[in-house]
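Okay, structure first, notes after.
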Amino acid sequence: MSNIEKYPHKTLEKKWQEEWNRSNVFKSKKIGPKKKYILEMFPYPSGNIHMGHVRNYTIGDVIARFYRSNGFNVLHPMGWDSFGMPAENAAIINNLNPNDWTQKNISTMKKQLKRMGLAIDWDREVSTCSKEYYKHQQKLFIEFYKNGLVYKKDSLVNWDPVDKTVLANEQVVDGKGWRSGAEIESKVLSQWFLKISKFSKELLDDLDKLEGWPEKVKTMQRNWIGKSDGCEIEFKLEDKGFENIKVFTTRPETIYGAAFLGLSFDHPLSEVFSDDAVFQKFRNDAEKISQKKELLDKAKKTGFFTNLFALHPFLKEKVPIYFVNYVLSEYGTGAIFGCPAHDERDKEFALKFKIKYKSVLQDQSNESSLNSGQPQLINSGSLNGLSVSDARKKIIREFENNKSGIKKTLYRLKDWGVSRQRYWGCPIPIIYREDGEVITVPESELPVLLPDAPDFKASGNPLNQKEWKETKCTITGLSAIRETDTLDTFVDSSWYFLRFCDPKNDKQAFDISEVKYWLPVDHYIGGIEHAILHLLYSRFFMRALKHCGYNVGKEPFKNLLTQGMVNHETYKDSNNIWIEPDKVIKKNNSYFTADGKELKKGRSEKMSKSKKNTIDPESIIELYGADTARFFMMADSPPERDLEWSDEGIKATWKFLNKIYNHLKSIKHKFVIYDSIPEEKFKEEEFDASNQKPYQDIIDIVTNTTVDIKNYRFNTAVAKLRELANILFKVENKNKLLNNYGWSIFIRLIYPFVPHLSEELAFLGGLKGETISEMPWPEPSKNINFMGKAPVKCNLVIQVNGKKKFVISVDTNLNQDEFLKELDKQKPDFRITLKVVKKLVYIKNKIANFVV
RNA sequence: GCGCUCGUGCUGAAAUUGGUAAACAGACUGGACUUAAAAUCCAGCGGAACAUUGUUCCUUGUCGGUUCAAGUCCGACCGAGCGCACCA
């Protein structure tokens with residue numbers, strides 16, 4: 001057995017968790033102007049926490065504890081995104097009640113989170129599946145409805161055949177369900193929509209103001225909203241018996257190159273051909289490929305000629321009209337003008353149908369266009385000789401003058417379909433009366449509760465049953481049917497950060513003064529996978545609330561940190577079956593199972609059950625303690641990058657903490673609370689020049705660690721803390737006072753990362769009646785003038801022609817002449833060997849470059 | 001095709017405003033302690049050359065540019081990851 005004591009992480013962590021609980025030190029108070037709202041994306045209660053949670057919540061906790069120590073009122077709450085399909089699926093498979101299943105998971109995961117030692121105000125806990133929460137959500141839905149932000153319409157929807165529900169566009173990834181992975185089918189259903197498209201412009205423009213968001217997330221949202229500046233052009237038909245055809249284009253200046261019109265298969269004009277068998281064949285094929293991404297990618301351009309012609313708005317020419325299979329019905333007007341000379345798709349189509357076309361832009365390789373730097377318009381009437389941007393401006397004016405076109409901006413963002421044909425979600429508070437009226441449930445009758453004991457044996461939506469859906473309108477007494485769809489769970493998470501500000505309010509979703517005080521969330525931490533889903537919906541909700549008259553800000557999250565995944569090595573056997581890494585035996589770069597079968601080592605991938613490379617946080621906390629797990633999570637990689645899990649890494653982290661604990665115990669350190677410049681204290685003892693450097697280092701580390709944490713650079717903050725420990729191990733016996741001071745600073749700086757150990761070390765060092773959690777952060781300071789004595793020495797790099805030659809140690813703040821004198825003293829030969837010096841660049845305290 | 005992010009040792013990585021490249025770790029190697037192992041402690045750890053333990057040179061994907069000075073700024077190219085995409 002080892003001769004040093006293993007540090008008692010279990011008893012120690014339990015002790016401090018109980019102490020924090022007892023003193024209720026993390027309760028949020030609404031006093032004074034300085035606040036910080038720290039939030040991590042709340043978890044879905046799936047059963048147990050995983051390493052991704054550990055990383056997410058540790059990052060948030062470090063930030064929360066840091067700002068609390070820095071004198072801010074911190075709101076750091078936790079809740080549960082507790083509606084959703086896994087509960088229902090578990091219920092169907094194991095014949096459980098979804099609510100029981102969910103509550104059990106919440107209580108397990110709450111215990112696990114508490115063991116991590118998070119500084120959370122648990123009094124503010126919310127759970128989206130509780131009627132106290134969804135009651136307010138129903139009220140908000142009704143308000144949105146009354147303010148024109150909710151509507152119902154028949155629409156072609158994304159149908160997930162595995163989860164048996166509709167998905168929003170954002171939830172379909174590469175044609176597959178984001179959760180089930182099933183091929184998504186198209187289906188017409190009557191659906192509820194939230195009018196997110198009303199705010200397309202704002203949602204896009206305001207991204208520029210979100211300075212605290214990663215560029216990547218903003219780009220993803222920009223792409224998703226998809227703005228196109230262009231022009232809507234109206235073509236008259238040669239045969240007066242038909243309506244004009246509107247097309248949308250972002251390149252109106254190429255109008256003189258228009259060789260045909262292309263319509264989508266379901267364009268209104270298609271009705272004319274409903275009896276035409278050839279057209280029907282085309283239409284069926286086009287419809288099919290539009291529904292499956294794989295078909296779409298492979299499909300060749302094809303079409304159907306209508307034998308109709310449109311008139312070119314400027315040329316007296318006829319333009320043939322085709323139905324084509326590559327124009328989307330839901331974008332723009334579902335019609336385009338084809339310009340084969342300058343569009344690859346139109347070119348492919350024109351070649352196939354032998355449509356004649358001409359170029360309207362100078363060839364890029366042509367000499368005259370090279371001279372001017374940009375191509376000019378040709379064959380384009382009044383536009384000839386203009387650049388693309390000038391021609392565009394001019395042609396839009398001409399369209400608007402002869403009333404054949406209008407400038408227009410389109411957005412790709414569509415309204416948010418929120419109907420889900422599932423039981424375990426928030427009921428939509430709408431009833432359909434027998435007289436045909438659709439009305440909202442009166443406020444006094446809210447919440448519309450889910451039935452307690454649903455019957456999952458019958459197929460389809462359990463709400464779609466007589467006992468629950470049949471009701472009466474209390475105003476008219478007429479009988480009515482309840483809406484049986486429930487809301488998408490992304491609605492639940494679109495306002496939970498508002499509810500945390502005032503979680504117990506029974507009368508309203510939140511009190512505006514509470515929200516005004518706490519919002520926006522100052523630091524929001526979560527996975528990149530919500531870049532366009534949850535984060536866009538939440539931004540929409542704020543604007544929707546504002547539209548309904550709530551005096552809330554526009555942006556919910558001021559700073560966003562998207563943390564990377566936790567990865568772990570993977571192995572497969574010869575049958576491509578995943579093997580747990582801890583069952584792998586390594587021999588000279590080859591890998592085997594216990595019974596000798598050779599394995600292939602795969603890439604390090606995100607921990608997942610299917611790849612069998614997960615590590616259970618509970619067992620890690622059991623073995624090494626929460627502090628070790630937390631410290632390891634923050635130590636190696638920057639938070640936004642992926643983190644590689646390694647058994648050696650976690651072990652080495654534990655060794656470091658163990659070493660600190662045993663060392664401080666053995667030297668019987670005394671915890672002291674000097675502020676940043678404790679010079680008077682130090683005067684009491686002899687304090688010679690040998691202590692100057694370590695003292696300076698301690699001060700620098702306070703400053704730099706503080707800056708690092710503020711900027712999310714936790715890995716470098718940890719490196720500096722290790723550096724400080726290394727310095728203090730060396731300093732140890734030279735000066736007791738400096739040593740105590742250094743370790744006391746260390747204990748306070750390491751507090752956000754390993755709070756239990758920090759508290760315990762201060763306690764062992766004699767801190768009584770107060771805890772580190774209640775103590776202010778050591779104040780970073782600048783320009784330390786050491787004990788009023790001579791300024792400190794510094795290293796000066798001597799370069800010749802920009803290349804380092806050597807380093808000398810000199811007094812700080814020398815001017816150039818003083819420096820040269822000092823240089824000659826230390827290296828008498830150096831300047832002689834240089835011969836001719838053309839130039840000397842001298843930067844105080846940093847560098848001297850001799851150019852020869 | 002369009003956009004974003006990023007290329008640094010064996011590995012994770014570090015390097016305020018351009019100013020000592022590789023901090024802090026992991027793995028590895030050697031040594032001390034031990035009957036032995038573990039634990040712990042000490043030392044080494046980008047490459048090359050000359051030389052016998054110090055000196056010189058090279059090194060941040062490639063090529064070029066700006067500068068006294070470039071991992072950092074600019075341009076082109078190569079490569080990786082992610083997002084969007086028949087969006088007119």
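All values derive from a computational prediction rather than experimental measurement.
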Contact list (N/O, under 3.5 angstrom) for nucleotides 80-82 of chain B vs protein:
from	atom 1	to	atom 2	distance (Å)
B:rC82	O2'	A:Lys216	NZ	3.1

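- Listed by chain and residue number, A:Lys301, A:Tyr326, A:Asp343 satisfy the side chain to side chain contact (heavy atoms under 4.5 Å, CB included) test with A:Arg345 (two or more places apart in sequence, or in another chain).
- A:Thr250 comes within 4.0 angstrom of the backbone, heavy atoms only, and of no base.
- A cation-pi geometry, defined here as NZ or CZ lying under 6.0 Å from the six-membered ring centre and within 45° of its normal, holds between A:Lys827 and A:Phe806.
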Evaluation steps, salt bridge (Lys or Arg N to Asp or Glu O under 4.0 Å), between A:Arg251 and A:Glu253: CA-CA 5 Å; A:Arg251 308 227 21 213; A:Glu253 75 283 0; 3.1 Å; yes

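- Among the heavy atoms of the strands, none lies under 4.0 Å from A:Lys218.
- Here side chain to side chain donor-acceptor pair (under 3.5 Å) pairs that include residues 645-655 of chain A, with residues two or more places apart or in two chains, are A:Trp645-A:Asp647.
- Using P as the reference atom, B:rC57 and B:rU5 are 38 Å apart when rounded to the nearest Å.
- With A:Arg630 contributing its side chain and A:Pro752 its backbone, the two residues share a donor-acceptor pair below 3.5 Å.
- Classified by its glycosidic torsion, B:rU52 falls in the syn category, the angle being within 90° of 0.
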How does protein contact run along nucleotides 11-22 of chain B, one letter per nucleotide 5' to 3', with B for base contact, S for sugar-phosphate only, - for none, heavy atoms under 4.0 Å? -BSS-BB-BB--

How does RNA chain B read in dot-bracket, base by base from 5' to 3', with Watson-Crick or G-U pairs under 3.5 Å and | used when the partner is on another strand? (((((((..(((......[....))).(((((.......))))).(((((...)))))..(((((..]....))))))))))))....

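- Side chain of A:Asn849 to main chain of A:Val841: no donor-acceptor pair is present (N/O by atom type, distance under 3.5 Å, no hydrogens or angles).
- Applying the ring pair (Phe, Tyr, Trp, His ring centres under 6.0 Å) test to A:His534 and every residue at least two apart in sequence or in another chain returns A:Tyr524, A:His530.
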